[in-house]
Amino acid sequence: MKKLVISVTVMFASMAHAWTIDGVGDFKFEQVSNQVYVMHGPIASPSEQNHGFMNNPAFIEGSNGLIMIDPSSSKFVGDNILEEVEKISSKPVVAVINTHIHGDHWLGNHAIQDKYPNAKFYAHMNMIREAEYGEAQRWIKTFSDITNKAKGTIAVIPTYSIGHKDTLTIEGQQFIIHSPLPSSHSSSDIMIEHVNSKTLFAGDNAFTDRMGRFDGQSSMLDNIKILDYAKNLAIDTYVPGHGYSGAVTQTINPYLNYLKIIEQETRKGYEEDLADYEIKPFADKHLTAYKDWSGYDEQLGRHINKMLLEIEALDL
């Protein structure tokens, strides 16, 4: 009987420390390194079912306050994330750092400002500029169209600009910002090094178990360079924008290898004057390890097309 009581107690304790999304899963913060906690979100595309939640919100516990990174896609999601934060620490959120312009990472700023109005918000100057000139409202509409849970979200645009090699010291925690190239996954990417724990928040420069998207402002070739750069930093733990955190072999190498295969096969096809759809089956043969990644079938052809355009542009 005692064993049963203990098991039930442990079960309910575990449930109490998780945000349950019906049909999707239970989500809570996991400690990935000293003073660093990450909630690994769903890897599927945003939907009504997952409330538009799909990224990896994180926080670092400082001496008297918390520093949050990418509090997700709406006030509703941000509120639920804060509830999970408060199960671990009663300290206030004093700062938020956003990794780039895509709304699944930063529209949850609204929830932070609503509860902690003195919190400071940091981002790359390009993100701030793009948000002010229409991208904020575009992303709010995107997520409001996907799920009613996002309606009512207000764009809380960062006001503190940060860039490559800038350093921040917040509540005894030291950060170095890495943004060595003008574009990668977007034109506003930063990677955030938490010096104290040797953790790197790579944003959407890195994915695990999920394919990234590349728009007109992105560069697949520069994304490869950024990941090679990240590999050479003195880092123990990498946190991707989507998917699970871990060592470089788990979180950087797989996606980097994928991108390099796409580049290699596309360069071969370009030299042979092949179209993107003709290159695709050759690339697909080398990508068996990625076929169960979320979005593989949807993104492979788009990635080859994007890479082909970039390679062609080098010859102009």
May I have the step-by-step check of side-chain contact (heavy atoms from CB on, under 4.5 Å) for Asp70 and Asn56, ending in yes or no?
CA-CA 7 Å; Asp70 285 356; Asn56 290 341; over 6 Å; no
Working for salt bridge (Lys or Arg N to Asp or Glu O under 4.0 Å), residues Lys260 and Asp228:
CA-CA 11 Å; Lys260 286 184 174 181; Asp228 277 327; 3.4 Å; yes
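- With no hydrogens or angles considered, no side-chain donor-acceptor pair links Ser197 and Asn34 at under 3.5 Å.
- With a 4.5 Å cut-off on side-chain heavy atoms, Met39 and Phe53 count as touching.
- Ring pair Tyr229/His178: centre-to-centre distance below 6.0 Å.
- Proximity of Lys306 to Ile262: side-chain heavy atoms (C-beta onward) are nowhere separated by under 4.5 Å.
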Walk me through whether Glu298 and Arg302 qualify under salt bridge (Lys or Arg N to Asp or Glu O under 4.0 Å).
CA-CA 8 Å; Glu298 176 188 3; Arg302 296 175 183 178; 3.3 Å; yes
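- Atom NZ of Lys91 has more than 12 neighbouring heavy atoms from other residues, nucleotides or ligands inside a 6.0 Å radius.
- Here His105 contributes atom NE2 and Asn98 contributes atom CG; the two are 10.0 Å apart, rounded to the nearest 0.5 Å.
- Asp236 is not listed as a side-chain neighbour of Thr199, based on a closest heavy-atom distance of 4.5 Å or more.
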For His185 and His102, what are the C-alpha separation, side-chain angles and deciding distance, and is it a ring pair (Phe, Tyr, Trp, His ring centres under 6.0 Å)?
CA-CA 10 Å; His185 175 74; His102 297 157; 4.8 Å; yes
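- Relative ring orientation between Phe76 and His51 is described as perpendicular, the plane-to-plane angle rising above 60° on a 0-90° scale split at 30° and 60°.
- Side-chain contact between Thr167 and Phe175 is absent, with no heavy-atom pair separated by less than 4.5 Å.
- For CZ of Phe282, the number of neighbouring non-hydrogen atoms (other residues, nucleotides, ligands) closer than 6.0 Å is 12 at most.
- Between Tyr296 and Tyr258, the ring planes lie perpendicular to each other; the angle is over 60°, past the 30° to 60° tilted range.
- Counted within 6.0 Å of OH on Tyr270, heavy atoms from surrounding residues, nucleotides or ligands total more than 12; the atom is thus considered enclosed.
- Dense packing is recorded around CG of Asp292, with more than 12 heavy atoms of other residues, nucleotides or ligands lying under 6.0 Å away.
- The side-chain contact (heavy atoms from CB on, under 4.5 Å) search around Val195 returns Gln174, Ile176, Glu193, not counting sequence neighbours.
- In this structure, Asp297 does not pair ionically with Lys291, as no charged nitrogen and carboxylate oxygen lie closer than 4.0 Å.
- For the pair Asn109 (side chain) and Pro158 (backbone), a donor-acceptor distance under 3.5 Å is absent.
- When all heavy atoms of Ser45 and Arg210 are compared, the closest pair comes out as N-NH1, 3.6 Å.
- Atom CG in Asn55 sits 8.0 Å away from atom CG in Asp204 (nearest 0.5 Å).
- With ring centers used as reference points, His100 lies 6.0 Å or more from His124.
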Please report the C-alpha distance between Gln173 and Ser63 in whole Å, then the side-chain angles of each, then the deciding distance to 0.1 Å, and finally whether the side chain to side chain donor-acceptor pair (under 3.5 Å) criterion is met.
CA-CA 8 Å; Gln173 305 302 301; Ser63 52; over 6 Å; no
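- The pair Glu132-Arg129 does not meet the salt-bridge criterion, since no charged nitrogen lies less than 4.0 angstrom from a carboxylate oxygen.
- Using a 4.0 Å cut-off between charged side-chain N and carboxylate O, Glu265 and Lys268 make a salt bridge.
- Ring centroid separation for the pair Phe121 and Tyr160 does not come in under the 6.0 Å cut-off.
- Between Arg267 and Glu310, none of the side-chain N atoms (NZ, or NE/NH1/NH2) sits under 4.0 Å from a carboxylate O, so this pair counts as no salt bridge.
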Is there a side-chain contact (heavy atoms from CB on, under 4.5 Å) between Met68 and Ile81 once you walk through the steps?
CA-CA 11 Å; Met68 286 208 70; Ile81 288 167; 3.9 Å; yes
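- Residues Lys280 and Asp276 are not paired through a salt bridge, judged by the lack of any N-O separation under 4.0 Å between the basic side chain and the carboxylate.
- Note that CG of Leu200 and NE2 of His194 are 12.0 Å apart. Values are rounded to the nearest 0.5 Å.
- Taking the side chain as every heavy atom from C-beta outward, Ile252 and Ile235 never approach each other to under 4.5 Å.
- Residues Phe207 and Ile43 fail the side-chain proximity criterion, which asks for heavy atoms closer than 4.5 Å.
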side-chain contact (heavy atoms from CB on, under 4.5 Å), that's the test. Do Val94 and Leu66 meet it? Break it down for me.
CA-CA 6 Å; Val94 298; Leu66 309 178; 6.0 Å; no
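- Remark: Ser186 pairs with Ser188, Asp189 by the side-chain hydrogen bond (donor to acceptor under 3.5 Å, both in side chains) rule, at least two apart or across chains.
- Note that CG of Asp166 and CD1 of Ile192 are 12.0 Å apart. Values are rounded to the nearest 0.5 Å.
- Relative ring orientation between Trp293 and Tyr290 is described as perpendicular, the plane-to-plane angle rising above 60° on a 0-90° scale split at 30° and 60°.
- Side-chain contact check for Asp79 versus Lys115: every heavy-atom pair is 4.5 Å or farther apart.
- In this structure, CG in Asn50 is found 8.0 Å from OG in Ser73, a value given to the nearest 0.5 Å.
- When side chains are defined from C-beta on, Lys198 does not count as touching Thr237, because their heavy atoms never get closer than 4.5 Å.
- From Ile88, atom CD1 reaches atom CZ of Phe29 across 6.5 Å, with rounding to the nearest 0.5 Å.
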